[in-house]
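Keep in mind that the numbers below use all heavy atoms, side chains included, and drop hydrogens, waters and symmetry copies. The sequence lines fix the lettering, A, B, ..., with proteins before strands; numbering per chain opens at 1.
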There are 2 protein chains.
Amino acid sequence: MPIVEDVDDADALFKALADPTRRALLDALSERDGQTLFELCARMTTAHGLTSSRQAISQHLDVLETAGLVTRRREGRYTFHDLDTAPLAPLRERWHHPDERTPR
Amino acid sequence: MPIVEDVDDADALFKALADPTRRALLDALSERDGQTLFELCARMTTAHGLTSSRQAISQHLDVLETAGLVTRRREGRYTFHDLDTAPLAPLRERWHHPDERTPR
DNA sequence: ACAATAGGCAAGCAGCCACTTGCCTGTCAA
DNA sequence: TTGACAGGCAAGTGGCTGCTTGCCTATTGT
């Protein structure tokens, strides 16, 4: 049986990447880690031209956290968000070269 | 001005990758180009354990073609499908930290 | 203490998406 | 020519998903 994909993780990962707002959040966090929810909200409206409510952003961050792309750390009344690109590693390997058929 | 993303292409690309059946189709085509619709249908049921109808597969191939990941060439009564991984190139560069964090 | 700040939780709703259903077109072999 | 094969087109439907709405908890400053 060929390894199709690590279904649970991969599905959550790709679904997380399917939304433009979530990709913009990853962009914002790749520029600077440790941003709070309100910081990200402000950045979405200014730098990315998106008008998303706080709750919407929060739910998007939930999805990103489930996919393992974002980690949260609570300090006092602030929740800081950090980017974790580790889950993207297998994605870069997949479907690599069309002229390099994997012999098996 | 930072390039946020090539919205049209990127959105179609990520949405195309969001479905497990479509990812399985890319897997199947990465093993061998030039498969027909019926070949891919058979391969989905056997190798990937998916029970998708011919029309469902065809619609998935439409999405993949729109995203530029699959090209079609008609010969007689057969339509052959080829994989094109070129649209995936910018994906591999994105969210790629030069300074790598968290070896975790 | 009290108000403001930062964020969480959950229900409801509208649009989208994957899939089905039904029928049609074009190609090839006998 | 006729039937089987390979595929296309389009409308309808159920479930998922992104977003809103409303209310709640916790922390901090004065």
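Mapping A/F38 and B/T51 onto DNA chain C by nearest heavy atom places A/F38 closer to the 5' end of the strand. Along DNA chain D, the nucleotide closest to A/G76 and the one closest to A/S53 are compared, and the more 5′ of them pairs with A/S53.
Looking at A/R73, its side chain never comes within 3.5 Å of a backbone N or O of A/F80 through a donor-acceptor pair.
Contact annotation: A/T79 side-chain N/O to C/dA6 OP1/OP2 distance is not under 4.0 Å. Using a 4.0 Å cut-off, some side-chain N or O of A/R22 falls inside it from OP1 or OP2 of D/dG18.
Across all strands shown, A/S52 has no heavy atoms under 4.0 Å from either base or sugar-phosphate atoms.
In this structure, the nucleotide among D/dT20, D/dC19, C/dT20 sitting nearest to the side chain of A/Q55 is D/dT20. Here the nucleotide nearest the side chain of B/T36, chosen from D/dG7, C/dG26, C/dG8, is D/dG7. The nucleotide whose nearest atom lies closest to any side-chain atom of B/D19 is, among C/dG7, C/dT20, C/dA18, C/dA18. Relative to the side chain of B/R54, the nucleotides D/dT20, D/dT28, D/dG8 differ in distance, and D/dG8 lies closest.
Straight-line distance from the CZ atom of A/F14 to the C1' atom of C/dC17: 19 Å, rounded to whole Å. Rounded to whole Å, the distance from CD on A/E75 to P on D/dA26 is 19 Å. Atom CD1 of B/I57 is separated from atom C1' of C/dC19 by 11 Å (rounded to the nearest Å). As rounded to whole Å, 8 Å separates atom P of C/dG7 from atom CD of A/E39. Counting to the nearest Å, the P atom of C/dG7 and the CD atom of A/Q59 are 15 Å from each other. One can place CZ of B/R77 at 11 Å from C1' of D/dG7, the figure rounded to the nearest angstrom. Here C/dC28 presents its P atom at 10 Å from CZ of B/R74, a figure rounded to the nearest Å.
None of A/D82, A/D33, A/D84, A/D62 except one satisfies the salt bridge (Lys or Arg N to Asp or Glu O under 4.0 Å) rule with A/R72; the exception is A/D62.
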